[in-house]
Amino acid sequence: MQSGNEPPHVGSYKLPLVELTGGEPLLQKESLPLMKALCEDDFTVLLETGGAHDISLVDPRVRRIMDLKCPSSGEVKRNRWRTCAT
């Protein structure tokens, strides 16, 4: 079942899995409604995020993959450790 919110080509393939990745998906204002619409259309949705942004508003049906930064990257201070428990 399509909600009409997804890009027209997504629903026509009937693939069971969709992953949002590349750059930082949470910086895109339409990523949250897109993930929700895909979940409502019975897709399994994966979100790959760098761990620097709040994931509390992500639909609970979305599977989260957090690419936390290691100390040697020089970006460890950007990790939002409290989101690991979300």
Side-chain angles (χ1 to χ4, degrees):
M1 170 182 284
Q2 293 184 23
S3 66
N5 295 328
E6 71 277 346
H9 61 280
V10 172
S12 64
Y13 288 107
K14 303 295 182 201
L15 300 173
L17 182 72
V18 176
E19 181 174 0
L20 278 71
T21 187
E24 176 51 63
L26 294 176
L27 291 177
Q28 305 301 318
K29 68 179 183 174
E30 294 299 320
S31 65
L32 294 173
L34 174 63
M35 288 184 279
K36 182 177 181 179
L38 289 167
C39 287
E40 289 173 358
D41 286 341
D42 296 323
F43 286 91
T44 296
V45 180
L46 308 176
L47 167 65
E48 187 170 344
T49 178
H53 299 279
D54 184 11
I55 61 171
S56 67
L57 296 177
V58 174
D59 190 290
R61 297 171 289 184
V62 173
R63 297 178 187 178
R64 295 124 187 212
I65 303 163
M66 295 185 64
D67 180 17
L68 297 171
K69 306 306 178 202
C70 63
S72 64
S73 72
E75 295 187 36
V76 72
K77 64 182 176 273
R78 295 185 64 212
N79 291 335
R80 291 179 63 111
W81 296 106
R82 64 183 170 266
T83 63
C84 292
T86 303

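Values reported hereafter were calculated over all heavy atoms of this structure, with side chains retained and with hydrogens, waters and symmetry mates removed.
Side-chain atoms of R64 come within 3.5 Å of backbone atoms of V58 as a donor-acceptor pair (strictly under, hydrogens ignored). Distance alone, capped at 3.5 Å, places no donor-acceptor pair between the Q28 side chain and the E30 backbone. With hydrogens and angles ignored, the 3.5 Å screen pairs no side-chain donor or acceptor of D41 with any backbone N or O of F43.
Atom CE of M66 is separated from atom CD of E48 by 11.5 Å, given to the nearest 0.5 angstrom. To the nearest 0.5 Å, the span separating CG on D59 from CG on L32 amounts to 9.0 Å.
For the residue pair L26 and S31, the shortest heavy atom distance occurs at CA-OG, 3.9 Å. When all heavy atoms are compared, the tightest approach of V45 to C39 is CG2-SG, 3.8 Å.
Within the 4.5 Å cutoff, no side-chain heavy atoms of T44 are placed close to those of V18.
R63 CZ: 12 or fewer foreign heavy atoms inside a 6.0 Å radius.
M35 and L27 fall into different hydrophobic clusters, where Ile, Leu, Val, Met, Phe, Trp and Tyr are joined by side-chain heavy atoms under 4.5 Å apart, directly or via other members.
Apart from L46 itself, the hydrophobic cluster it occupies contains L17, I65, where clustering links Ile, Leu, Val, Met, Phe, Trp and Tyr at side-chain heavy-atom distances under 4.5 Å.
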